[in-house]
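Heads up: the structure comes next, in structure tokens.
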2 protein chains.
Amino acid sequence: MCQNTAVPRYVDKDERRRHVAAALRRIAAREGLEGVSIRTVAAEAGLSVGAVQRDFGTKDDLLRFALREALANVSRRFSGIRVGPGGLSFAEGLRRVLTDLLPTDDERLAEARVWSAFYARAAVDPGFADTLAELDARARAALRAAVGWAAEQGELAPGQDPDALVELLLVLVDGIWLSAVRRPPGASLDAQRAAVSAAVAAVTGGEGRGTRRG
Amino acid sequence: MCQNTAVPRYVDKDERRRHVAAALRRIAAREGLEGVSIRTVAAEAGLSVGAVQRDFGTKDDLLRFALREALANVSRRFSGIRVGPGGLSFAEGLRRVLTDLLPTDDERLAEARVWSAFYARAAVDPGFADTLAELDARARAALRAAVGWAAEQGELAPGQDPDALVELLLVLVDGIWLSAVRRPPGASLDAQRAAVSAAVAAVTGGEGRGTRRG
DNA sequence: TCCGTTTTGATACAGTCGTATCGATACATT
DNA sequence: AATGTATCGATACGACTGTATCAAAACGGA
């Protein structure tokens with residue numbers, strides 16, 4: 001009796017929300033946000049329209065949830081890349097982050113497409129822009145810490161303003177990530193990898209100044 | 001009699017196509033590509049649905065035309081920035097290009113929003129991706145020339161691979177341009193300007209190595 | 001077992017979409 | 001002035017949209 005009153009009755013509601021959000025992202029990666037409708041998402045998730053409606057009151061709620069989830073997936077990957085004392089050098093961390101964004105598999109390609117779709121939407125929808133700004137602030141904080149540490153270690157090219165560098169890195173991350181979108185389907189990733197190398201080299205001032213660490 | 005059989009009958013057709021494309025871009029900047037429909041574009045342009053239909057057989061034709069026109073506007077501005085012998089230094093040219101992309105006025109902000117919308121569309125529409133790839137190739141060629149010249153002048157940071165640098169610059173241009181989208185409405189442009197400065201400094205290896213020119 | 005509450009899927013509704021059609025209009029030519 | 005043709009705006013069509021509604025089914029607690 002009353003073993004857990006907080007848990008939803010039939011299925012785990014949060015899990016189903018994630019399931020629906022994943023279906024939305026699959027459609028968005030395949031056809032863009034224009035192909036996303038309550039009906040298509042429900043069909044992709046194997047649910048009825050009413051079920052999706054009940055889990056997410058409105059379509060915007062669904063979109064926003066899917067955006068947050070999509071970015072949570074990416075940042076979860078990044079959480080494994082630790083820059084700082086006891087972790088990676090700044091250059092190596094930057095290289096790994098940028099490389100991780102490249103569309104090396106279908107999942108990453110889909111992420112980039114979804115990101116571009118949400119990005120475009122944020123351009124005209126203040127609600128989405130707010131969500132983006134919040135995530136932006138988080139990324140900025142993480143980058144600031146990494147750049148601050150890199151500056152201490154003398155790992156940066158001389159004459160770089162750390163705050164300006166943080167802004168540049170934000171731009172770089174976006175640019176690299178979105179470059180997946182403009183890459184022709186069959187093309188190799190060499191150009192993108194080259195861009196990553198050039199970015200790391202430019203930011204850190206060539207290969208390896210500053211203190212090296214194991 | 002037959003004074004000019006090539007000219008359209010009532011109005012200049014090409015001019016009206018441009019007029020319609022401009023109306024489309026206004027809507028895209030305001031509401032995104034989702035707000036663009038034959039009806040809304042016709043209304044914005046002050047025309048009937050039938051007129052727009054006749055000028056552009058299908059909606060995709062209209063979108064593609066508007067995309068090319070939008071990018072022609074930007075590249076026309078860039079054509080005034082000449083890097084090379086008798087022109088600007090590489091660093092100064094790069095700084096001007098990136099700065100010109102910043103949303104310093106409503107027109108530029110609109111351009112960035114339109115760009116983000118087309119970008120997202122190209123992610124899932126091969127026809128648009130082809131158009132983008134073509135424009136991409138043009139930008140790449142221009143950048144290659146500029147970078148080649150900068151390398152000759154010793155204006156680049158040491159150890160930079162010119163080809164890789166070209167790819168990085170493409171990424172930078174995209175990133176800077178699209179950063180307009182994520183900027184909160186009232187915020188200052190200082191962060192973006194800082195990113196531009198940091199980008200120029202990183203790529204050219206700090207302020208002014210290489211030969212200076214007037 | 002029965003009741004009360006949720007959850008469900010189907011359907012209804014009012015719009016909008018892209019496109020096709022078509023009579024009226026406006027012009028060039030004879 | 002009459003004719004033929006190209007252009008015009010309006011409207012029709014079927015498909016789709018987001019959302020609301022609602023009977024039926026499924027479950028927990030008694």
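Letters A, B, ... are given to chains in the order of the sequence lines, protein chains preceding strands, and every chain is numbered from 1.
- Under 4.0 Å is where a charged nitrogen must lie from a carboxylate oxygen, and between A/D14 and A/R18 no such pair does.
- Salt bridge annotation for B/R77-B/D100: present, with a cationic side-chain nitrogen under 4.0 angstrom from a carboxylate oxygen.
- When the C1' atom of C/dT19 is taken as reference, atom CG of B/D55 falls 16 Å away, rounded to whole Å.
- From one end of the helix from C/dT1-D/dA30 to C/dT30-D/dA1 to the other, with five pairs defining each end axis, the axis direction shifts by 10° (rounded to 10°).
- Rounded to an integer number of Å, the gap from A/R17 CZ to C/dT7 P is 13 Å.
- The phosphate of C/dT19 (OP1 or OP2) has no side-chain N or O of B/R54 nearer than 4.0 angstrom.
- The nearest whole Å value for the distance from the CG atom in B/L47 to the C1' atom in D/dG9 is 11 Å.
- Here the side chains of A/V83 and A/R96 are not in contact, with every heavy-atom distance at 4.5 Å or above.
- A 6.0 Å sphere centred on CG of B/D106 holds no more than 12 heavy atoms belonging to other residues, nucleotides or ligands.
- Across B/L170 and B/A139, no two heavy atoms sit closer than the pair CD2-CB, 4.0 Å.
- Salt bridge absent: B/R25 and B/E111 never bring a charged side-chain N and a carboxylate O closer than 4.0 Å.
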| note | Contact string for nucleotides 15-20 of chain D, one letter per nucleotide 5' to 3', B = base within protein heavy-atom range under 4.0 Å, S = sugar-phosphate only, - = neither, reads --BBBB
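- With respect to B/E69 and B/R17, no salt bridge is recorded, no charged nitrogen being found less than 4.0 Å from a carboxylate O.
- The 12-atom threshold is not exceeded at CZ of A/R82, counting heavy atoms of other residues, nucleotides or ligands nearer than 6.0 Å.
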